[in-house]
Engineer: 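Mind having a look at this structure? Questions to follow.
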2 protein chains.
Amino acid sequence: MPESATTIAIAPDQPAPRLLEKAVVGAGARVGELAEADALIWLGKPGDFPKSLPSTVRWVQLPAAGIEDFFTAGVFAAHPDVEFTSAAGAFSHSVAEHALMLLLAGVRYLPEQLRATSWQQREFFPHVGSLRGKTVTIVGAGGIGRALIPMVAPLGAHVIAVNRSGRKVAGAGIPADVETVPADQLGRVWSHTDHVVVAAPATAQTRHLIGADELARLKPSSWVINIARGSLIDTDALVDALTAGTIGGAGLDVTDPEPLPDGHPLWTLPNAIITPHDSNPPQLRLAAFADHVGANVSRFVAGEHLAAIVEPQRGY
Amino acid sequence: MPESATTIAIAPDQPAPRLLEKAVVGAGARVGELAEADALIWLGKPGDFPKSLPSTVRWVQLPAAGIEDFFTAGVFAAHPDVEFTSAAGAFSHSVAEHALMLLLAGVRYLPEQLRATSWQQREFFPHVGSLRGKTVTIVGAGGIGRALIPMVAPLGAHVIAVNRSGRKVAGAGIPADVETVPADQLGRVWSHTDHVVVAAPATAQTRHLIGADELARLKPSSWVINIARGSLIDTDALVDALTAGTIGGAGLDVTDPEPLPDGHPLWTLPNAIITPHDSNPPQLRLAAFADHVGANVSRFVAGEHLAAIVEPQRGY
């Protein structure tokens, strides 16, 4: 077999992480020096990015999903003829899995069961629920929301995906019968929602997206999961609903304020699960990034459209 | 549209549960009196089963998955010309969902996180794992194991299914690349197993299937889940492994002894999750049974092979 003609440089970390080298080779390219490379996988900071690149380099893969700092550093402006891709979507899987964990733990009454030190089968029976036949509304159909849908659907849940456009959410593993609702019609989903997962970006429009009114329209068995940003939920209204028991509970990987201060009522409410924004821990990131790189190298070798292309003129 | 000719009686509960009536009608039949029925959905005890049935009744759906008591009561012998179906498989979904919940809660370090009353992101980061890219060995590929596979596979886990025959496990939602291993070769799976779910029946052969030797071959990050019967795991060996930290943890809906007595070390080990055999709580059973009935009525109306047919000559 002839050696692949496509050469990918990995910089500045030397030696390059083995998982990344494996991903490149597994995708049909070879790892080589930047001077002879067709593409660059950049693992460093924006300020350290090379001022000039060899003219052979046509593509640069960046290590982060949010690339504001590369804009600020002028990286895109300095290399107008190079295609840049971010890591957008690469880290969605772990966060979506965390959301599913929080939702299942809540629905199946795990917090109370974990506190028990005696066999309370009859006491717990009425509180153990299931996602089967329930409607899970996922607010935000970006990378995390889209990763979560194929995890929730096999549990027999009906999914309502809420996105800005209301354009039908589709993609690998997403069942055709997923209902999509535009964000400006969010109000009409509550009456047939059992559980909510908040997965939308934090913007002026999404601040307190879940407030007292929305919580009041949920059910005493409803769980509210937030793996996005704390500001999307009105914390005081949530604490009131949890205290009154008008909803089933809340599973929060993000809080407002964050970090959640010692002594905050959310720490001790029996129907609140708090994880300290650890749904995408560092040790899982390299493997997820390597998967993303492997997929993009395969596409690059095949001359296909790359994933997570940066569009500098649009600002992301 | 002409009224369906197929009539199903529901007895002895009067009025019949609405969910069941809906399932029958939704499947294209009508609910009627036993005297004019083509089939009977029996909700009562074995001892109360009618001594004789109208000759029009060709099929009887029983309400339980385990039907030993109907054998003892002579129900099958008294009606040799009637086809009986049990509820085998109907209740697998809830138990499989519970297994997934226990596994995810363990892998993502929920027990320690739930105990926290302060923000410990850096402390928890290294302990939050993911099922992505991990190998989950499911011992027992009956109804529960087969229901669990399509729940675990979308999380990016590789599944090894262990069954008696080693015949390839296939079915709705089960990915084609699921590896099947016969039970007599169970020993060779441990070296590439990350997590184990015990879902096999309790027999003389499966007693202490997971003992000190098997636990010793797992990893410090491995979780052991049991939603089958307590006797399949050697409890003392498990407590030793949990105490020494040679495995990650155990999620147990069933224990040996059961109920787990007050003061047992499993109640307080930080890496053990105990739920008191509540993975299939009563209030979820009617809905699950109604789904099973609906599917079987559809088949009956269409003249197709029914699910969970009782084979009296085989004894189950």
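Chain letters run A, B, ... following the sequence lines, proteins first, then strands; residues in each count from 1.
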Engineer: Taking only residues two or more places apart in sequence or in another chain, which ones pass ring-ring contact (aromatic ring centres under 6.0 Å, His included) with A:H192?
Structural biologist: none
Engineer: If you count heavy-atom pairs under 4.5 Å between each of A:T117, A:L104, A:L114 and chain B, which one has the most?
Structural biologist: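 Sorted descending by pairs with chain B, the first entry is A:T117.
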Engineer: Side chains of B:W119 and B:F124: closer than 4.5 Å at any heavy-atom pair?
Structural biologist: no
Engineer: Look at A:R108, A:Q283, A:Q120, A:H264 and state which one has the largest set of heavy-atom pairs under 4.5 Å with chain B.
Structural biologist: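 Top count of heavy-atom pairs under 4.5 Å with chain B: A:R108.
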Engineer: Please rank B:N280, B:T268, B:D262, B:V152 by heavy-atom pairs under 4.5 Å with chain A and give me the top one.
Structural biologist: B:D262
Engineer: Would you call A:I41 and A:L43 a side-chain contact if the rule is heavy atoms closer than 4.5 Å?
Structural biologist: yes
Engineer: Looking only at heavy atoms and a cut-off of under 4.5 Å, which of A:S279, A:P281, A:P261, A:P126 has the most pairs with chain B?
Structural biologist: A:P281
Engineer: Could you tell me whether the side chain of A:R132 and the main chain of A:G156 form a donor-acceptor pair under 3.5 Å?
Structural biologist: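 Such a contact is absent between A:R132 side chain and A:G156 backbone.
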Engineer: I'd like to verify something: which residue of B:P154, B:S94, B:P150 has the highest number of heavy-atom pairs under 4.5 Å with chain A?
Structural biologist: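 Highest number of pairs under 4.5 Å: B:S94.
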Engineer: Which atoms of B:L155 are under 4.5 Å from chain A, going by heavy atoms: the side chain, the backbone, both sets, or neither?
Structural biologist: both
Engineer: Would a distance-only check, ignoring hydrogens and angles, find a side-chain to backbone donor-acceptor pair under 3.5 Å from A:H292 to A:S86?
Structural biologist: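 Side chain of A:H292 to backbone of A:S86: a pair is present.
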Engineer: Side chain, backbone, both or neither: which part of B:L103 has an atom under 4.5 Å from a heavy atom of chain A?
Structural biologist: neither
Engineer: Of the listed residues (B:S130, B:P111, B:A96), which shares the most heavy-atom pairs with chain A below a 4.5 Å separation?
Structural biologist: B:S130
Engineer: Using a 4.5 angstrom heavy-atom cutoff, name the option from B:M151, B:H93, B:E258 with the most pairs to chain A.
Structural biologist: B:H93
Engineer: If I measure from the heavy atoms of chain B, does A:H127 come under 4.5 Å with its side chain, its backbone, both, or neither?
Structural biologist: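 Only the backbone of A:H127 comes within 4.5 Å of chain B.
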Engineer: Tell me, for A:A288 versus chain B, whether the close heavy atoms (under 4.5 Å) come from the side chain, the backbone, both or neither.
Structural biologist: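 Its backbone and side chain both get close to chain B.
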Engineer: Within the structure provided, determine whether B:V293 and B:V297 are in side-chain contact (heavy-atom separation under 4.5 Å).
Structural biologist: yes
Engineer: So which residue, B:A105, B:A287, B:P282, ends up with the most heavy-atom pairs under 4.5 Å with chain A?
Structural biologist: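 Most pairs with chain A among the choices: B:P282.
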Engineer: Side chain, backbone, both or neither: which part of B:L260 has a heavy atom under 4.5 Å from chain A?
Structural biologist: both
Engineer: Sub-3.5 Å donor-acceptor pair from the side chain of A:K168 to the main-chain atoms of A:V178, do we have one?
Structural biologist: yes
Engineer: When you measure from the side chain of B:N271 to the backbone N and O of B:L242, does any donor-acceptor pair fall under 3.5 Å?
Structural biologist: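 Between the backbone of B:L242 and the side chain of B:N271 there is a qualifying donor-acceptor contact (under 3.5 Å).
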Engineer: Which pairs would a plain distance check flag for residues 221-230 of chain A, meaning a side-chain donor or acceptor within less than 3.5 Å of a matching protein atom at least two apart in sequence or in another chain?
Structural biologist:
from: A:S222; atom 1: OG; to: A:D194; atom 2: O; distance (Å): 2.6
from: A:S222; atom 1: OG; to: A:K219; atom 2: N; distance (Å): 2.9
from: A:S222; atom 1: OG; to: A:K219; atom 2: O; distance (Å): 3.4
from: A:W223; atom 1: NE1; to: A:G106; atom 2: O; distance (Å): 3.4
from: A:N226; atom 1: OD1; to: A:A228; atom 2: N; distance (Å): 2.9
from: A:N226; atom 1: ND2; to: A:R229; atom 2: O; distance (Å): 3.0

Engineer: Report which part of B:E97 has an atom under 4.5 Å of a heavy atom belonging to chain A: side chain, backbone, both, or neither.
Structural biologist: both
